[in-house]
Undergrad: 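To start, I am sharing the structure in question, which I have written as structure tokens.
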Amino acid sequence: MRRRDFLSLLGGASAGAWPLAARAQKPGGIRRVGVLLATASDPEGQARIAALLQGMRDLKWVEGTTVAYDIRWAGGDAARAKALVAEMVASAPHLIVGINSPIMRELKSATQTIPVVFAGLADPVGDGIVASLSRPGGNITGFASFEPDLAGKWLQLLKEIAPATRRVAVMYNPATAPHTLFWPTLEATAPSVGLTVSRAPVQDVATVEASIAAQAAAPGAGLVILPDAFLFSHRSLIYAAAA
């Protein structure tokens, strides 16, 4: 489906279950948009919601008049993301906006009919969300946030900031695809800037702390964190442990 088709679908999709207060304000006139993000208390998440709502207002979609939002927060919890996706799909909104790979994987499995737009994914093709960036196909489209070549820049910047760095641990969540996107570039770039890189897969707080402690046990250590919902939601812990 083409990206420009999505807003037109807001004006033509059939109604489904939704909070009665929103439907009562203007029967048949309010289009319903579900939004699934990470942590509600996170300033970055709040900033993204504010940007989305303002962008919609700029396009003349006004809350309570022409559009109603159902905003849910999944954090980095895969089980919670699955439950929230099931609830949202059952409510049959006109459009769903999803951020991060775990949420989008669940949406991919849960609906082939409700239009879905994503943002904040590093590798939507590698994650199996869309067939390709140029022709996503199906009911899902959106925006990829990264290019593989960025990984080389991360290593170059790290070496510039801390010239004594010799070893870099690349922390990633093996349950998501970005490590497969970035690893070839990291491996190819490292020798040219005098670095060696090693994999540091993590999926819980304990392995995050253990990985950082192991990397810091000898001098010349550095750390690269790949984009991932779990790691993003625990970034304060990672920063504190690294410091």
Side-chain angles (χ1 to χ4, degrees), residues 37-51 73-81 99-105 119-124 126-127 143-243:
L37 297 100
T39 308
S41 60
D42 192 302
E44 179 66 22
Q46 294 294 340
R48 290 181 177 185
I49 280 292
W73 305 86
D77 187 330
R80 177 168 171 76
I99 291 183
N100 79 41
S101 295
I103 286 172
M104 287 306 306
R105 278 208 188 103
L121 273 64
D123 188 9
D127 268 327
F143 303 91
S145 303
F146 298 94
E147 287 291 333
D149 289 349
L150 278 175
K153 299 295 183 184
W154 297 336
L155 292 181
Q156 292 168 7
L157 286 171
L158 185 57
K159 190 68 173 179
E160 288 177 18
I161 293 167
T165 305
R166 298 191 300 274
R167 303 173 294 105
V168 176
V170 180
M171 187 174 289
Y172 65 94
N173 182 350
T176 58
H179 64 286
T180 62
L181 177 72
F182 296 122
W183 185 254
T185 301
L186 290 165
E187 217 171 21
T189 305
S192 68
V193 291
L195 296 172
T196 60
V197 290
S198 61
R199 297 174 184 263
V202 296
Q203 286 185 292
D204 54 45
V205 169
T207 53
V208 167
E209 293 175 329
S211 178
I212 292 174
Q215 182 69 355
L223 189 64
V224 167
I225 312 297
L226 296 190
D228 171 75
F230 168 76
L231 293 172
F232 182 79
S233 64
H234 289 87
R235 64 190 185 279
S236 294
L237 166 72
I238 293 170
Y239 299 159

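For clarity, every value in this text was computed on a predicted model and none was experimentally measured. The chain is numbered in sequence order, starting from 1.
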Undergrad: Go through the steps to decide whether R48 and L37 satisfy the test side chain to side chain contact (heavy atoms under 4.5 Å, CB included), and finish with yes or no.
TA: CA-CA 9 Å; R48 290 181 177 185; L37 297 100; 4.1 Å; yes

Undergrad: Step by step, work out the ring pair (Phe, Tyr, Trp, His ring centres under 6.0 Å) result for W183 and Y172.
TA: CA-CA 10 Å; W183 185 254; Y172 65 94; 7.4 Å; no

Undergrad: Output the distance between atom CG (D149) and atom CH2 (W154), rounded to the nearest 0.5 Å.
TA: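 D149 atom CG to W154 atom CH2 measures 11.0 Å (nearest 0.5 Å).
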
Undergrad: Any donor and acceptor pair, going by atom type alone, linking the side chain of T189 with main-chain N or O of L186 inside 3.5 Å?
TA: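 Side chain of T189 to backbone of L186: no pair is present.
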
Undergrad: Compare all side-chain heavy atoms of L181 with those of E147 and state whether any distance is below 4.5 angstrom.
TA: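 They are not in contact (no side-chain heavy atoms under 4.5 Å apart), so the answer is no.
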
Undergrad: On a heavy-atom basis, which atom in I103 and which in A81 lie closest, and how many Å separate them?
TA: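 I103 and A81 have their closest heavy atoms at CG1-CB, 4.0 Å.
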
Undergrad: Are M171 and L231 close enough that some pair of their side-chain heavy atoms sits under 4.5 Å apart?
TA: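 Yes; the side chains approach each other to less than 4.5 Å.
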
Undergrad: Would you say that P124 contacts M104 through its side chain, given a criterion of any heavy-atom pair below 4.5 Å between the two side chains?
TA: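 Side-chain contact under 4.5 Å: no.
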
Undergrad: Give the minimum heavy-atom separation between L121 and S101, together with the two atoms involved.
TA: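 For L121 and S101, the tightest heavy-atom pair comes out as CG-OG, 4.0 Å.
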
Undergrad: Would you give me the side-chain donor-acceptor pairs under 3.5 Å for residues 210-227, sequence neighbours excluded?
TA:
{"unit_1": "Q215", "atom_1": "OE1", "unit_2": "R167", "atom_2": "NH1", "d": "3.3"}
{"unit_1": "Q215", "atom_1": "NE2", "unit_2": "R167", "atom_2": "O", "d": "3.2"}
{"unit_1": "Q215", "atom_1": "NE2", "unit_2": "G222", "atom_2": "O", "d": "3.0"}

Undergrad: Taking the side chain as everything from C-beta on, heavy atoms only, tell me whether V168 gets closer than 4.5 Å to L158.
TA: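 Contact flag for V168/L158 side chains = yes.
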
Undergrad: Could you pull out the closest heavy-atom pair between K159 and L195, with the gap in Å?
TA: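 Closest approach of K159 to L195, heavy atoms only: CD-CD2, 4.1 Å.
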
Undergrad: State whether the side chain of R235 and the backbone N or O of F232 hold a donor-acceptor pair below 3.5 Å, judged by distance alone.
TA: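 Here the side-chain-to-backbone pair exists.
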
Undergrad: Can you tell me how far apart OH (Y239) and NE2 (H234) are? Round to the nearest 0.5 Å.
TA: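 Those atoms lie 13.0 Å apart.
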
Undergrad: Taking only residues at least two apart or on different chains, which pairs with a member in residues 216-232 satisfy side chain to side chain donor-acceptor pair (under 3.5 Å)?
TA: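 Residue pairs with at least one partner in residues 216-232: N173-D228, T176-D228.
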
Undergrad: Hey, does R199 have a side-chain heavy atom less than 4.5 Å from the side chain of H179?
TA: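 H179 vs R199: side chains touch.
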
Undergrad: Applying side chain to side chain donor-acceptor pair (under 3.5 Å), name anything that partners S198, two or more places apart in sequence or on another chain.
TA: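 S198: no side chain to side chain donor-acceptor pair (under 3.5 Å) contacts found.
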
